[in-house]
Amino acid sequence: MRHFLTILGHEIRMLLVNPSTYIAAVIFLAFMGSIFAGLLTDYASAPQQVSPAVAFFELFWVPVIFIVPLLTMKSISEERRLGTLETLLTTPISTAEVVLGKYGAAYFLYFSLWSATAGFFYILHRFTHDAFLLDIGPLIGGYVFIAVSGFFFVAIGIFASSLSRNQAVAGILGVTVLFALIIGTQLVSGLSVLNQELFAPIKSSLEYARVFTHLEDFSRGIIDTRQLLFYISGTTLTLIFSILGLEAKLLHS
Amino acid sequence: MPDPSSAIVVENLVKSYAGTTAVNNISFNVAQGEILGFLGPNGAGKSTTMRILTGFLPATSGRVEICGHSVAGAPEAVKRVIGYMPENNPLPEDMRVVEYLYYRGRLKEMNRKRLGLRIDELLELCDLKRVRHRIIGKLSKGFRQRIGIAEAILAEPPVIIMDEPTIGLDPHQILIVRDLISRLRGRMTVIISSHILPEIEMTCDRVMIINQGRVVAAGEPAALKRELFGRARYDVALAGESADLAAVLSEIDSTLEITSETMADNDGFRSFVLNADTDEDFSESLLTHLARDERFRLRALSRAHPTLEDVFLAATKRTWDIIDSSPAVVTPNP
């Protein structure tokens, strides 16, 4: 635990002094800002059914697929490429502490970036004072969803990083897995083939794993323990695989 | 319980990768406060052995104990008593020197107050004060190497393992590093590997030469020379019969004998190598005897001083001979 905090502090520091973090942050905020501005234009021209928060979070997957691998791809693959993993693991630290420390730092940054988007809603609130535009329920639901799903998405990024000593490979792998998880489940569950009775179990399990369903529920204020369990078990499993994968790589190095 | 006599005990250590045996049944002990030099050609298994000692790589079989802790059984305890500098000295590119040392110290469980003092001391000792706030990635090889050494001795561990600490340094920096290592003598047990043989000879109490994953020679540098080359060796360039020469030699000393001779050149001169089994110097009596004798014409005579380089070459050559003559020994153990 003591080492975990040392590594966490170190990793956060390294992320904060790294220019690529700021590039990622600027791109992320510029992108989210333009989405938000676009939404507001829509709301100004015609009345809409849902609150802006719901519409805003529906596009969460675009930054997730690109920002998460950007933040995590370096973490373990860089250590392996430089060989500093060897010096790191010859101090009294376990591989679990290394992986968790890096995971914690990446998650911290991921959630900080998302927290910054709260500023958009604050500005909206300052200038409109319209209760409909700032419906607090979907807003909190949306951020809780981002926080909970972030555990899993960042863990996937870390896992991808533990598989290769090449950052680019780790990054592309991360994008692919996240795409399959978020968009893939959405596309496959929409296939008409699955409506046959034979595929009913597959359809129901896909429905259960569909990230957009989770988002809708969270936005409506429904916090389902099954969904929480999905993310928490997914996170745990992915992190365990990262730790085991790293140890296996060491055994065969 | 820590064993007072030996800091490092290695018994029948074997490490095999898919199909090849990198370390083949190595056993050795290192006493506390001793500096052991590891020599061997590239791919001999030096780095693999060192990595196993640090607990970074698991061994295939065998037993390794460091300060009484088993590497396989108590890796955490072992990691607390070693300072390790890997081959090529990997360092993070984007940290400042002081930051890096501080981070490493915290990982090695040093308390903040002691760490600050210790870092100041090390910066002084390793001549790094000028670059303390510079970014590591922008420093030259010599500085990086010294940062690696400073990091290895940071927590003042009883055992220090350094893989080629002087590689890529200029002669002046090698001198500094040598001084640094000598200063550890008696206080810390040190294992260093190197290709620079005079380096090892000067700093180490004992050397171990390994080749093809096995120990081919071990001992103090002087003892090794004696073992491989006899106590004294003379090179003589002389025209004359070897039988006559042998007769003269036995007159001078009973242990003096010809170990090798070459074919006569155009002028009838041959080069002889003579060996004697005493420490006494026969150069003068050889010179007077051979010069006076009319059967011989003497052109050159010198007492050879074998360097560690000769020992290294002879010892590694010996293993090649053994391996060539018995191919069965290189097949990996199942």
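For the numbers below, each heavy atom of this structure counts, side chains included, while hydrogens, waters and symmetry mates do not. Lettering follows sequence order; numbering is per chain, from 1. If you're wondering where the values come from, they're calculated on a predicted model, not measured in any experiment.
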Under 3.5 Å, is there a donor-acceptor pair linking the side chains of B:E109 and A:H3?
-> yes
Least distance between heavy atoms, B:K79 atom then A:L89 atom = NZ-O, 2.9 Å
Relative to chain A, which of B:R104, B:M85, B:R80, B:E93 shows the most heavy atom pairs under 4.5 Å?
-> B:R104
Verify, without hydrogens or angle tests, whether B:R106 (side chain) and A:H10 (backbone) share a donor-acceptor contact under 3.5 angstrom.
-> no
Indicate the atoms forming the closest heavy-atom contact of A:P92 with B:L107, along with that distance.
-> CD-O, 3.9 Å
Determine the minimum heavy-atom distance between B:P92 and A:L82, stating which atoms define it.
-> CA-CD1, 4.4 Å
Straight-line distance of A:E78 CD to B:D94 CG, nearest 0.5 Å | 7.5 Å
Look at atom CZ of B:R132 and say whether more than 12 heavy atoms of other residues, nucleotides or ligands are closer to it than 6.0 Å.
-> yes
Give a yes or no answer on whether the side chain of B:K108 reaches the backbone of A:T91 with a donor-acceptor pair at less than 3.5 Å.
-> no
Assess whether atom CZ of A:F230 is packed by more than 12 heavy atoms of other residues, nucleotides or ligands within 6.0 Å.
-> yes
Can you measure from OH (B:Y100) to OG1 (A:T87) and round to the nearest 0.5 angstrom?
-> 4.5 Å
Could you look at A:L85 and say if it's the side chain, the backbone, both or neither that has a heavy atom under 4.5 Å from chain B?
-> backbone
Side chain from CB out, backbone as N, CA, C, O: work out which of these in B:E87 comes under 4.5 Å of a heavy atom of chain A, or both, or neither.
-> neither
Distance col, row A:T90:OG1 vs B:M50:CE, nearest 0.5 angstrom, shows 12.5 Å
Taking everything shown except A:F4 itself, do over 12 heavy atoms lie less than 6.0 Å from its CZ?
-> yes
Just wondering, more than 12 heavy atoms not from A:W61 lying within 6.0 Å of its CH2?
-> no
Could you have a look at B:G148, B:P86, B:A152, B:G55 and say which one has the most heavy-atom pairs with chain A under 4.5 angstrom?
-> B:P86
Specify the closest pair of heavy atoms between B:P90 and A:G83, including all atoms of both residues, with the distance to one decimal.
-> CG-O, 3.2 Å
Give, for atom CD of A:E11 and atom OH of B:Y103, the distance between the pair rounded to the nearest 0.5 Å.
-> 6.0 Å
